[in-house]
Amino acid sequence: MIIELNTSLEAIDLYDLIKEEPYSFILESSLYNEKYGRYTVISSSPFEILKYENDEKCIDKFKDVMSSYKSSVKGELPFYGGAVGYISY
């Protein structure tokens with residue numbers, strides 16, 4: 001779900017409302033630019049979690065999973081879907 005909020009709260013204050021939810025995150029733009037610096041992504045409770053341990057094929061497996069998801073959302077946003085996560089070794 002993508003929604004635009006008109007609020008006097010800062011993005012970090014909104015994140016504080018859900019920060020205890022499972023897998024919550026905030027991606028806040030540090031750019032002060034009207035075109036690229038106006039978006040903040042806040043979310044939690046993902047519908048799918050991928051974990052790979054000691055698997056040399058993890059990137060290929062991730063690509064396979066992601067290829068099954070297509071979004072029909074179109075609009076002015078520079079992004080409209082994807083995955084959030086990290087890779088470590």
Q. Hey, what do you get for CG (Leu17) to OG (Ser44), rounding to the nearest 0.5 Å?
A. 11.0 Å
Q.
Rounded to the nearest 0.5 Å, what separates atom NZ in Lys61 from atom CG in Asp55?
A. 3.5 Å
Q.
Let's go through Thr40 and Leu27 carefully: what are the C-alpha distance in whole Å and the side-chain angles of both, what is the deciding distance for side-chain contact (heavy atoms from CB on, under 4.5 Å) to 0.1 Å, and is it a yes or a no?
A. CA-CA 6 Å; Thr40 299; Leu27 300 175; over 6 Å; no
Q | Atom pair CD/OG of Glu48 and Ser68 - distance to nearest 0.5 Å | A | 7.0 Å
(Q) Running the 4.5 Å side-chain criterion over Ile, Leu, Val, Met, Phe, Trp and Tyr, what cluster does Phe47 land in, apart from itself? (A) Leu50, Tyr52, Phe62, Val65, Met66, Tyr69
Q: Kindly give the heavy-atom pair with the smallest separation between Ile18 and Ser43, and that separation in Å.
A: CD1-O, 3.6 Å
**Q.** Nearest atoms (heavy-atom pairs only) where Pro22 meets Pro46
**A.** O-CD, 4.1 Å
Q) Hey, what do you get for CZ (Phe25) to CD1 (Ile42), rounding to the nearest 0.5 Å? A) 9.0 Å
Q.
If hydrophobic clusters are built by linking Ile, Leu, Val, Met, Phe, Trp and Tyr wherever their side-chain heavy atoms come under 4.5 Å apart, do Val84 and Val41 end up in the same one?
A. yes
Q: Flag the pair Tyr23 / Ser45 as yes when at least one side-chain heavy-atom distance between them is below 4.5 Å, and no otherwise.
A: no
Q) Looking at Asp16 and Lys19, does any basic side-chain N land under 4.0 Å from a carboxylate oxygen? A) yes
